[in-house]
*Asks:* 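Below you'll find the structure I mean.
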Amino acid sequence: MAGMRVFGFGSGMDIDKMVSDLMKAERARTVDKLEKEKQITIWKQEMYQDINRDIAKFIIDSRDKFDLSGKLITGGTYVKSYENMDWVKQATSSNESVLTASATAKALDGSYKINITQLAKGVSKNSTVDISVDGMDEHDKLYDQFLDLSSNDILSFTITTTDENGNEKTQSFTFDLDKGTSDTSDDYTLDDIITEINNSDLDITVSYDSNFDRVFINSTSTGANVSLKIVDESSISSANADHFFSDILKINIDDASGTKVGGQDLKFTLGEGSDVTTLTYNSNTFSINGINITANGTGESTITVKTDVDGVYEKIKEFVESYNKLIDSIDAKLSEKVYRDYKPLTDEERKALTEDQIKKWEEMAKSGLLKNDSILEKVLYDARKALYEIVQNIGGTFKHLTDIGIDTGTYSEKGKLFIDEAKLKQAISNDANGVMELLFKESDSSDEETKYNESGLITRLFDSMTDNMKKIIEKAGPGNDSSLLKQVKSNILVDFTIGSSYRSGSISFLQEDILDITKEIYKEEDRLKDLEDMYYKKFTAMETALAQMNNQSNWLASQLGGM
């Protein structure tokens, strides 16, 4: 009956309008109130998630700018040690044809003289002459590309290699040049053999260049431990060839005995005069005393290392600006004005407003929803605490943020950071490694309190913010930012997913509230439907009674008129 427009038969009343007015009043008292409560909870949830997103981006961006974030093969990230930062120190080579250099944060300022006497080499062998029949290449059948092979031949050989650490690998290969089928497309090609060797994990690469008609064999690593040994036991019917590698591919290897061919180590001296030290390494790229070196040739070069004071200052300044911006945005939420007369709009209320009016109304309605929020207050308190407490058990000359010219200001400034440029630059110039240790030191203690006290200020700040991000996730959920949050810490969602004795897994407190309110709305909708039906029944009964009374009145009137 609801939805039908009914006019009173006897009363002339608009019953549909009367029921509609009664239901609007009842809906405003119950369902509309619940809908507004639900919308406020959804807004709070979104605000928490926005703040968590901002914190996550701050941590991720700061790590990237400080070069503290490494990329895994799987696509994930890991936190690198501050000692490997390559922007703190500058390293220059006096002779880049001999070597190039870069320095990490732990490198000491000064000059280092290096004499490269021998470059590291791996195994490198190749064909000494043209090997193919004219017009043939690695995609043709072997017995077409090489005159001394026939379809009856069987190539059989064993390759043994050792890598730079002396680890040995061996694999045997057999290729029947006629695979025993009339389909000639199945016959082996040189490309087939090269592909199978390269797929064997023998730490060598084999290639063929058709322009030069040569086969090339190279080890993937260098050093004196690297070696290659090939024992060839092929069965070749030609009178001109016995071995596949030496006779067919024209590579100078003693196939029969399998003579081992080796690489060589890098050799260099460090220092000068009586302080010269002779060293060897299995690669032309190596690190020593925090200096990364790539040897390009033999000869002498002097490496000069110095602190990039301006560069380090700018990195720290940029971090402080980003931090202050984040603190400002969180504090703004905590101090927003509350407009109690502005509640979420119902669909009916929206119809009476323009889009611009709706936007402005909702801005007022959202304002102050997180005013004095205890979780956000803790985010700011813990951030101030992490940055302002001293770092214990530290080896450098600095233990407190103010030691390097950075202060947290007054309480009213909510922990924002302020830089004394001259003092910070002086600290960087005097002891750059001490500044880095103060900011980024990592404690190896298993005790949580000790680990906190011994961690560098920014390391401690990131850990503190990550812990509070977990609390926000517990309160409001991750939203659509799970992948972003995992970049902060890979297991940040584990506790949320597992749940606890007072919260179901993968559902936040606010989401539980939203579900509870939604259930109440469904119950009220059912109750209102029953109430509406009851109103219609009562009005229908009243109309029926009125109609009967009218009929009786009319009958009496007709009887009296006849008398």
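Small disclaimer: the values here were computed from a predicted structure and weren't measured.
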*Asks:* Is it the case that atom NZ in Lys470 sees more than 12 heavy atoms from other parts of the structure closer than 6.0 Å?
*Replies:* yes
*Asks:* Taking all heavy atoms of Glu83 and all of Thr104, pick out the closest pair and write down the distance.
*Replies:* O-CB, 3.1 Å
*Asks:* Between atom CG of Leu424 and atom OH of Tyr313, what is the distance when rounded to the nearest 0.5 Å?
*Replies:* 6.5 Å
*Asks:* Apply side-chain hydrogen bond (donor to acceptor under 3.5 Å, both in side chains) to the pair Asn218 and Ser124, showing each step before the final yes or no.
*Replies:* CA-CA 5 Å; Asn218 293 283; Ser124 180; 3.0 Å; yes
*Asks:* Does Asp153 reach the main-chain N or O of Ser150 with its side chain, forming a donor-acceptor pair under 3.5 Å?
*Replies:* yes
*Asks:* Is there a side chain to side chain contact (heavy atoms under 4.5 Å, CB included) between Phe268 and Ile293? Walk through the geometry before answering.
*Replies:* CA-CA 12 Å; Phe268 64 97; Ile293 299 170; over 6 Å; no
*Asks:* I would like to know whether Leu461 and Phe319 meet side chain to side chain contact (heavy atoms under 4.5 Å, CB included); could you show each step before the answer?
*Replies:* CA-CA 12 Å; Leu461 173 68; Phe319 166 80; 3.8 Å; yes
*Asks:* Does the side chain of Leu439 reach to within under 4.5 Å of the side chain of Ile404, using non-hydrogen atoms?
*Replies:* yes
*Asks:* Ile248 vs Ile131, test: side chain to side chain contact (heavy atoms under 4.5 Å, CB included). Steps then yes/no.
*Replies:* CA-CA 7 Å; Ile248 303 299; Ile131 60 177; over 6 Å; no
*Asks:* Do you know which two heavy atoms are closest between Ile236 and His243, and how far apart they sit?
*Replies:* CD1-C, 4.0 Å
*Asks:* Salt-bridge test for Asp265 and Lys121: reply yes if a basic N is under 4.0 Å from a carboxylate O, no otherwise.
*Replies:* no
*Asks:* Is there a donor-acceptor pair closer than 3.5 Å between any side-chain N or O of Asn284 and the backbone N or O of Ala120?
*Replies:* yes
*Asks:* Around atom NZ of Lys325, are there more than 12 heavy atoms from other residues, nucleotides or ligands closer than 6.0 Å?
*Replies:* no
*Asks:* Is Lys229 atom NZ crowded by more than 12 heavy atoms from other residues, nucleotides or ligands, each under 6.0 Å away?
*Replies:* no
*Asks:* Please round to the nearest 0.5 Å and tell me the distance separating atom OG of Ser235 and atom CD1 of Ile154.
*Replies:* 6.0 Å
*Asks:* Would you confirm whether Arg460, through its side chain, and Leu387, through its main-chain N or O, come within 3.5 Å as a donor-acceptor pair?
*Replies:* no
*Asks:* Among side-chain atoms of Asp481 and Asn52, is any donor-acceptor pair under 3.5 angstrom?
*Replies:* no
*Asks:* Whether the Thr397 and Asp431 side chains hold a donor-acceptor pair (N or O, under 3.5 Å, no angle test) is what I'd like checked.
*Replies:* yes
*Asks:* Is the count of non-hydrogen atoms from other residues, nucleotides or ligands lying under 6.0 Å from Asn491 atom CG greater than 12?
*Replies:* yes
*Asks:* For Tyr82 versus Ala105, what's the shortest heavy-atom pair and its separation?
*Replies:* O-CB, 3.5 Å
*Asks:* Do Ser301 and Ser93 get their side chains close enough for a donor-acceptor pair, meaning under 3.5 Å?
*Replies:* yes
*Asks:* Would you find a donor on one side and an acceptor on the other, under 3.5 Å apart, between the side chain of Thr162 and the backbone of Ser227?
*Replies:* yes
*Asks:* Please check if the side chain of Asn198 supplies one atom and the backbone of Val206 the other of a donor-acceptor pair under 3.5 Å.
*Replies:* yes
*Asks:* What is the distance from atom CD of Glu474 to atom OG of Ser508, rounded to the nearest 0.5 Å?
*Replies:* 9.5 Å
*Asks:* Is it true that, when you exclude Lys260 itself, more than 12 heavy atoms of the residues, nucleotides or ligands shown sit nearer than 6.0 Å to its NZ?
*Replies:* no
*Asks:* With the side chain counted from C-beta on, respond yes when Val309 and Gln426 share a heavy-atom pair under 4.5 Å apart, and no when they do not.
*Replies:* no
*Asks:* Less than 4.5 Å apart, any side-chain heavy atom of Phe212 and any of Asn126?
*Replies:* no
*Asks:* What's the spacing between Tyr208 OH and Ile194 CD1 if we round to 0.5 Å?
*Replies:* 9.0 Å
*Asks:* Compare every heavy atom of Asp308 with every heavy atom of Gly311, then report the nearest pair and how far apart it is.
*Replies:* N-OD1, 3.1 Å
*Asks:* Among residues at least two apart in sequence or on other chains, which ones pass ring pair (Phe, Tyr, Trp, His ring centres under 6.0 Å) with Phe173?
*Replies:* Phe157
*Asks:* With no hydrogens and no angle check, do the side chains of Asp192 and Thr189 hold a donor and an acceptor under 3.5 Å apart?
*Replies:* yes
*Asks:* Strictly distance-based, threshold 3.5 Å: is any side-chain N or O of Glu437 a donor or acceptor partner for the main-chain N or O of Gly456?
*Replies:* no
*Asks:* For the residue pair Ser97 / Asn296, report whether a side-chain donor-acceptor contact shorter than 3.5 Å exists.
*Replies:* no
*Asks:* When you compare the side chains of Ser156 and Glu233, does any donor N or O come within less than 3.5 Å of an acceptor on the partner?
*Replies:* no
*Asks:* Name the residue from Asn430, Asn433, Asp109 that meets the side-chain hydrogen bond (donor to acceptor under 3.5 Å, both in side chains) definition with Thr307.
*Replies:* Asp109
*Asks:* Specify the closest pair of heavy atoms between Met136 and Gln145, including all atoms of both residues, with the distance to one decimal.
*Replies:* CB-CA, 3.8 Å
*Asks:* Which word best sums up how the rings of Phe244 and Phe146 line up, parallel for under 30°, tilted for 30 to 60°, or perpendicular for over 60°?
*Replies:* perpendicular
*Asks:* Can you tell me how far CG of Leu326 sits from CD1 of Ile330, rounded to the nearest 0.5 angstrom?
*Replies:* 4.0 Å
*Asks:* May I have the step-by-step check of side-chain hydrogen bond (donor to acceptor under 3.5 Å, both in side chains) for Asp163 and Ser221, ending in yes or no?
*Replies:* CA-CA 7 Å; Asp163 63 17; Ser221 54; over 6 Å; no
*Asks:* Is a side-chain donor or acceptor of Asp140 paired with a backbone partner of Asp137 at a separation under 3.5 angstrom?
*Replies:* yes
*Asks:* Is it the case that more than 12 heavy atoms not belonging to Lys489 sit under 6.0 Å from its NZ atom?
*Replies:* no
*Asks:* Can you tell me if Lys89 uses its side chain to pair, donor with acceptor, with the backbone of Ala103 under 3.5 Å?
*Replies:* no
*Asks:* Using a strict threshold of under 4.0 Å (side-chain N to carboxylate O), is an ion pair present between Asp50 and Arg53?
*Replies:* yes
*Asks:* For residues Asp232 and Ser234, is any side-chain donor paired with an opposing acceptor at under 3.5 Å?
*Replies:* yes
*Asks:* More than 12 foreign heavy atoms under 6.0 Å from NZ of Lys451: is that the case here?
*Replies:* no
*Asks:* Carefully, step by step, assess Asn282 and Asn225 under the rule side-chain hydrogen bond (donor to acceptor under 3.5 Å, both in side chains).
*Replies:* CA-CA 8 Å; Asn282 58 27; Asn225 286 330; over 6 Å; no
*Asks:* What is the minimum heavy-atom distance between Met436 and Trp87, and which atoms define it?
*Replies:* SD-CH2, 4.0 Å
*Asks:* Inspect the surroundings of NZ in Lys57 and state if more than 12 heavy atoms from other residues, nucleotides or ligands are less than 6.0 Å away.
*Replies:* no
*Asks:* How many angstroms lie between atom CD of Glu138 and atom OG1 of Thr195, to the nearest 0.5 angstrom?
*Replies:* 9.5 Å
*Asks:* What residue pairs, at least two apart or across chains, pass ring pair (Phe, Tyr, Trp, His ring centres under 6.0 Å) with a residue in residues 457-493?
*Replies:* none
*Asks:* Go through it in stages, so that I can follow the logic: the residues are Leu142 and Leu155, the test is side chain to side chain contact (heavy atoms under 4.5 Å, CB included), and I'd like the CA-CA distance, side-chain angles, deciding distance and then a yes or no.
*Replies:* CA-CA 11 Å; Leu142 280 165; Leu155 306 183; 4.0 Å; yes
*Asks:* Do the side chains of Ile473 and Asp495 get nearer than 4.5 Å, heavy atoms only?
*Replies:* no
*Asks:* Return yes if some donor-acceptor pair links the side-chain N/O of Gln45 with the main-chain N/O of Ala476 below 3.5 Å, else return no.
*Replies:* yes
*Asks:* When you measure from the side chain of Thr220 to the backbone of Asp203, do you find a donor-acceptor pair of N or O atoms at a distance under 3.5 Å?
*Replies:* yes
